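The model shown is predicted, which means the values in this text are computed figures rather than measured ones. In what follows, every chain begins at residue 1, and chains take the letters A, B, ... in the order their sequences are listed.
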Protein chains: 2
Amino acid sequence: MKSVLLSRRDLDFLLYEWLQVEELTKRDRFAEHSKETFDGVLDLCEQLAERYFAPHNKKSDANEPTFDGQRVTLIPEVKQAWDAFAAADLLAMGMDAEVGGAQLPATVAQAAFAWISAANLATSGYLMLTVANANLLAEFGTAEQIETFVKPMLAGRFSGTMALSETQAGSSLADITMRAEPQPDGSYRLFGSKMWISGAEHEMTDNIVNLVLAKIPGGPPGTKGISLFIVPKFLVGDDGAIGERNDVVLAGLNHKMGQRGITNTVLNFGDGTHRPGGADGAIGYLVGEPHRGITYMFRMMNEARLGVGMGAVALGYTGYLKSVQYARERPQGRPVTAKDPSTPQVPIIEHADVKRMLLAQKAYAEGALALALYCARLVDVSHSAESDGERDAAALLLDILTPVAKSWPSQWCLEANSLAIQVHGGYGYTREYDVEQHYRDNRLNPIHEGTHGIQSLDLLGRKVTQRGGASLAALGEAIAGTVAAADSIRGEAAELAAALNGMWRRLVEVTSGMFASGDVEAAMANSVVYLEAFGHLVIAWMWLEQFVAAHSECGEFYDGKRQAARYFFRYELPRIAPQLDLLESLDRTTLEMSPDWF
Amino acid sequence: MKSVLLSRRDLDFLLYEWLQVEELTKRDRFAEHSKETFDGVLDLCEQLAERYFAPHNKKSDANEPTFDGQRVTLIPEVKQAWDAFAAADLLAMGMDAEVGGAQLPATVAQAAFAWISAANLATSGYLMLTVANANLLAEFGTAEQIETFVKPMLAGRFSGTMALSETQAGSSLADITMRAEPQPDGSYRLFGSKMWISGAEHEMTDNIVNLVLAKIPGGPPGTKGISLFIVPKFLVGDDGAIGERNDVVLAGLNHKMGQRGITNTVLNFGDGTHRPGGADGAIGYLVGEPHRGITYMFRMMNEARLGVGMGAVALGYTGYLKSVQYARERPQGRPVTAKDPSTPQVPIIEHADVKRMLLAQKAYAEGALALALYCARLVDVSHSAESDGERDAAALLLDILTPVAKSWPSQWCLEANSLAIQVHGGYGYTREYDVEQHYRDNRLNPIHEGTHGIQSLDLLGRKVTQRGGASLAALGEAIAGTVAAADSIRGEAAELAAALNGMWRRLVEVTSGMFASGDVEAAMANSVVYLEAFGHLVIAWMWLEQFVAAHSECGEFYDGKRQAARYFFRYELPRIAPQLDLLESLDRTTLEMSPDWF
């Protein structure tokens, strides 16, 4: 029986037929790998997802972590799943050999991990955060920090968090007030509190490695005065043994609409609950240089943003497959042109509107998965490039695609989950079926790791203009390459290419006009509209890429790919036109709205 | 302090300044009323909402009804709220004087009831269903049925349900199998089971009056063989005393994502648990004539559809007000053009993108409220008309607007709730704030009382073409009237009118083309796209109506109305253009998608 978590057939298409990941094994970094090792990891993650992660997805939603004032309790299945993943050495699958990693391409690692996220996004969050934390420290930490913290994380003995936000400073990191006082021994003592920290405070692992942003007194104001610290829950001895309790304590758990299985916490640092070493303050270890914390954290944040996007994709995808399965099995109603009530009812998948809702989900989920894997491949190219030029080109493109790869799936795979509910009718609204939970779980994704608004400012205020527009130009070249490939096929591919190319040229023209106006305030006022139009265009490109890769193949799978591409070009891409018109007009409706008029 | 449930200022504007409800008091039916009685009911419902309904909204979500195999338990606050509403004689506020009603205009009654729905949609559902049930029986029941069932419902001693769906027949009523066997005494015995019955099986009231669709053996197939029955939980003696338990029993409760406070049930009829009168079967009493059940039920269903739409509006509206309040109070970040981190943070309501999200909510919620009240006024006109022509004109317009008044708020006020979460950031995703519950509660509205798909078939397959297009023509005339009024004002009003008129003409042209094609299958395939385009156009019309009503007024309230109208015309109305292009092309993408390609 086919899995309803993800489609291995689609992953094989995307990885091998489209992205040609086997080509990566010709590069030094991935030379130890082969299609066999790739398939092995994909198989393994699918098995772990089915066996350890999917079965407790509902249970961990209905039984969220509890705090009795002393300790936090998770249902035991969370640790069993964590242990199974760690025991399979998968935490380090994408990391460098020198820290014990398998140096698997990110493209394959992300595809494999998507099984885990589709099965249980909340539990997968503990893993995702730990891997991102380890990646950051592997890059910027000292050898000792790697030995003490990274290796136990990769072994699954420690887990990791990222502690950025504070109650008064959510999206505005410049305003954090967490203080880090330097100590004579080179360590720091931290005081303050953090909000929205996922994966913190539980007893699943021996220790928790919190990466914490804080300000060293006397530093510059704003984000330029922020430094990054390791603040473990327990101090670690030179021999690696767990030592004294550090003064980082749980102030409370947040209770969320979805993703309930992963703790989300308010953490107090240095409030005097514990006095490690007999003194006040949570002990922290500086990562890298002082005042460069934001730069380091962005390493982790960019990875987390791609991870959030992939999580949204995974939920969109599994909701899609579940609603296809439901639509095949559920008889209801008759064709529009054959209403005789004495004839048997037909499966609802026969109805045009149900097919519309399934096609939309397919177009959103598969289009977004393609983008997520495309971005992962750019990560691989930048990590394995043989020239600075190649590395730079990949990084430029990845830079401009990251806000899209985070925000677009968060918006449209959530919409896919809403359509999955709708296909199920009343059943979809009940907790007996899976899709309502996917919808609730997915609703977090447009918020965390930078809201839609923040992604839009990143795209329009930074990425589009950076280095004289080099990122935008890199994207233009990539799209032009696809258009050329489609043109050479002629026929329908060329028609789709013409539609994409026309819309791209219009987007570039509108973008230029916005900046040429000199009216920064008006140009930025509709940044979210820009992000949405830009995102739909990027996904149309991903569909043209898939159409081209599938164009000469026969069979139902390829028929489905081609039809989903048509759907996207006919139903979705045209949405951009009025958005671009609005952007071109430098509309000031929101700017002119007085707060007193609400 | 201003309420965050609804805006009385806006209700006053819509009722008195725009819809001129005082004019209704010139009609016989409403002659006993005045602005004072209207205001009294609005005040009273606001007070009851704040005092009895809002306080247990979260509690009833967290403590949904439980069934121990014998009885269903609700939290006591639900009954307290029910009793308070009933004690205020509000259940009969809109009903005829001859059944004990106050003959309040529906326009006012709906506006007043919106306070209750905004405070607690789940608890308000018991009331809404009971009123709709009583309205149906008052129209089609016998004098004895009215005496026995309607009067106790209006007194709050009995409550009512509508029992249509069955497990195998959700949207397809033709396929119900509930059987009603005629008895020598003129009553019936019912056998079968019903699914998704809200408000059934609780002990809040002395009795529950279920209105049940069933088939009398030997009748015609499909919907033409369906009859309507009263099947009370307890039989009622001639003296009105509660008698023997009828054989309608709870098979189980459904557990929903939202609207958890109201029971949603599977009911078995005649399964032998009880044997009223010593025989098998649930005792039922035919309403009206045999085989005309669907016609009668549509009376209730149309009312319920308008009620669902208003419920969606109420949630959208309260989410909007709560996010405005949050945005005023929450400092975060700085203006785009003033990033100095040493300056204080500003309230987020100062940010253009937050204003965009608030304006969108305002445009959705106030636009949808306007439509809901406009429809209620059509109900009033049709009930109080002095000529058949006037009654007919109002009914024609109401017919074509009903699917929009149900579906548009269900879609866009849900989107408003999503934006309310987004304005709150991470806080909005937690259960400490209200908006995540509104989002969950509202997600039911595109499903029950006819899904979006069903509404779209009703609109495009029935209402648009009925009586030679008379309903569509009636809408065209109404829009033309608004356009003419706006034209006479000139200036900006005339510009908005031109945009609306152009889009309306395009819609009519596309509609004609779809039917002229003769390709019914293709024309109906995108009925939901049609419904969405049609709905946006109707709401744009509602905004032009409000713009005209506000155009010469000064003050922040009117400034806000005008700006929301501009928002709708600039950001929302243009969405229709690509939808109409798609419809005009008679696109066959979904029809040509084979189920095997998913």
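For chain A, no part of Q437(B) is nearby; none of its heavy atoms comes within less than 4.5 Å. For chain A, no part of Q579(B) is nearby; none of its heavy atoms comes within less than 4.5 Å. Looking at N264(B), there are no atoms closer than 4.5 Å to chain A (heavy atoms on both sides), in backbone or side chain. Heavy-atom distances place both the backbone and the side chain of L444(B) under 4.5 Å from chain A. Using a 4.5 Å cut-off between heavy atoms, T167(B) touches chain A through backbone and side chain atoms alike. Both the backbone and the side chain of H452(A) come within contact range of chain B, judged by heavy atoms closer than 4.5 Å. Heavy-atom distances place no part of A577(B) under 4.5 Å from chain A, backbone and side chain included. Contacts between S418(B) and chain A at a heavy-atom distance below 4.5 Å involve backbone atoms as well as side-chain atoms. For R440(A), the parts lying under 4.5 angstrom from a heavy atom of chain B are both the backbone and the side chain. Both the backbone and the side chain of M257(B) come within less than 4.5 Å of a heavy atom in chain A. Interface remark: E436(B) contributes backbone and side-chain atoms alike to the contact with chain A (heavy atom separation under 4.5 Å). When heavy atoms are compared at a cutoff of 4.5 Å, H255(B) approaches chain A by way of both its backbone and its side chain. Interface remark: F557(B) contributes no atoms to any contact with chain A (heavy atom separation under 4.5 Å).
Pairing each heavy atom of L359(A) with each of F598(B), the nearest pair is N-CE2, 3.6 Å.
Note: W196(B) and Y427(A) have perpendicular aromatic rings, judged against thresholds of 30 and 60 degrees for the angle between ring planes.
In terms of modelled atom types and a separation under 3.5 Å, the side chain of R328(A) and the main chain of P595(B) share a donor-acceptor contact.
Contact annotation for residues 219-226 of chain A against chain B (heavy-atom separation below 4.5 Å, listed by residue number): P221(A), G222(A).
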